[in-house]
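Predicted, not measured: the structure shown is a model, and the values here were computed from it. Just follow the structure's listing: the first ligand is 1, and inside any ligand the first atom is 1.
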Amino acid sequence: MSVSDLDWNAFSALPTESKVTFFAREDGFPFHTLFAQQFDRLLLDRLGGLATQIRTVAKTKSGMLFLQGLLGHKRAMLYFSQPSSRTFLSFYSACQILGLKVAEVRDRSTSSEFKGESQEDSIRTFSSYFDLIIMRTQEKGLAEKMAWTLSRSSRPVPIINAGSGKDQHPTQALLDVYTLQRSFERRGGLHDRSIMYVGDLARGRTVRSLSNLLMNYENIEHIFVAPDKLQIGADILEMLSAHGIRFVVTNDMRAHLPDVDAVYMTRIQDEWDERKGESAGIDTSAYKIGPEEMRMMRPDAILMHPLPRRDEISTEVDHDPRAMYWRQMRNGMWIRAALIASTFGMARCIEQYFRESL
Ligand code: ASP
């Protein structure tokens with residue numbers, strides 16, 4: 001069966017595990033990257049390895065010129081109708097590393113959407129001019145709908161979901177896992193670890209995607225720390241339970257801080273408030289990390305944040321070697337370059353160049 005055999009209602013009703021089978025390339029890498037569930041352990045290891053090879057190759061001028069030659073014949077559209085700094089710029093730079101020419105629409109009021117065109121029609125238009133569409137939207141499921149639409153069209157260009165509503169942010173999860181892989185690689189690896197997520201877990205898409213990806217690693221315990229109103233969705237807990245994965249749901253950050261291997265902080269996502277000032281009424285004072293909390297953490301634990309931050313991590317801890325968020329951000333550019341290269345079937349070519357240039 002192919003996507004063409006299914007109308008949108010039939011397709012969208014499928015479980016995610018079935019949907020992803022339609023969007024894989026023959027070599028196993030995703031064609032469209034839409035959900036964290038598309039990545040298994042094998043792919044995660046290969047992508048992480050590829051990201052490290054790309055960053056090594058890029059250190060020399062000849063290596064950089066090799067990388068820039070790989071996709072110099074391709075064009076990418078960055079369609080970001082929701083605010084973004086890091087994701088936008090890291091995708092932009094990742095494209096540049098691989099030689100892709102990049103165009104962008106970030107402000108819908110400057111596009112024909114201002115004249116009443118639907119986002120679907122805009123994206124369909126981009127597919128006429130570009131070979132890759134990287135998109136971030138407020139609407140949950142739009143990237144998926146566009147992948148379904150384009151797969152049935154005469155220009156089935158790949159889509160990468162750069163954040164969809166409150167739901168998924170698969171490439172943030174890739175960079176988070178890459179950061180965890182690198183942080184623990186000389187300390188026994190990414191298994192038998194506990195990760196504590198703190199903050200707005202109800203509306204933060206990064207935690208949803210990351211907890212999903214971490215199911216690929218053995219014996220990871222998930223500790224969800226938030227005020228009741230901002231606690232993680234029942235669907236994530238059901239998914240972990242269904243896979244027999246250990247988790248704790250609690251309000252008490254300090255009780256778990258001394259035990260965990262990684263702390264993943266998030267900001268309050270008040271742009272999603274249904275009533276103005278709703279989030280401001282929630283007491284979040286117990287969900288912040290400063291020097292005192294760092295002293296409580298293990299000396300070998302790491303502190304992560306997808307950024308942007310507000311006051312949930314004090315700037316006083318930025319120079320602590322356990323603070324990983326700046327590195328996390330840089331890792332994002334390399335893992336996104338690895339993903340784009342793989343989307344276009346260039347993984348082998350880079351792996352071979354790397355081996356030969358050793
Ligand atoms: N940058 C992340 C996102 O786009 C986290 C955040 O905005 O808080 O979801």
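Heavy-atom contacts of Gln269 reach the following atoms of ligand 1: 6 (C), 8 (O) (cutoff under 4.0 Å). For ligand 1, the atoms closer than 4.0 angstrom to any heavy atom of Arg136 are 4 (O). Proximity to Pro308 (heavy-atom distance under 4.0 Å) selects the following atoms of ligand 1: 1 (N), 6 (C), 7 (O).
At the shortest separation from atom 7 (O) of ligand 1 among protein heavy atoms lies Arg267 NH2, 2.9 Å. The closest protein non-hydrogen atom to atom 1 (N) of ligand 1 is Leu307 O, 3.0 Å. Nearest protein heavy-atom neighbour of atom 4 (O) of ligand 1: Arg205 NH2, 2.9 Å.
Counted by atom type alone, Tyr79 and Gln119 present one or more donor-acceptor pairs between their side chains at under 3.5 Å. Gln168 and Gln37 share a side-chain donor-acceptor pair at under 3.5 Å. Judged purely by distance below 3.5 Å, without hydrogens or angles, the side chains of Thr171 and Arg336 pair a donor atom with an acceptor atom. Between the side chains of Arg203 and Ser279, a donor-acceptor pair is found at a separation under 3.5 Å.
Counting heavy atoms closer than 4.0 Å to ligand 1, residue Thr87 contributes nothing at all. At a heavy-atom cutoff of 4.0 Å, ligand 1 is contacted by no atom of Arg86, backbone or side chain.
Other members of the cluster containing Trp272 do not exist, because no ILVMFWY side chain is joined to it at under 4.5 Å.
Environment of CZ in Arg298: crowded, with over 12 heavy atoms of neighbouring residues, nucleotides or ligands closer than 6.0 Å.
In this structure, Thr206 has a heavy atom closer than 4.0 Å to ligand 1. Residue-ligand proximity: Ser84 is placed with every non-hydrogen atom at 4.0 Å or more from ligand 1.
When side chains are defined from C-beta on, Leu132 does not count as touching Val157, because their heavy atoms never get closer than 4.5 Å.
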Worked check of ring pair (Phe, Tyr, Trp, His ring centres under 6.0 Å) between Tyr178 and Phe39:
CA-CA 13 Å; Tyr178 181 46; Phe39 298 90; over 10 Å; no
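Inclusion of Gln172 in the set of residues having an N or O under 3.5 Å from an N or O of ligand 1 is not warranted.
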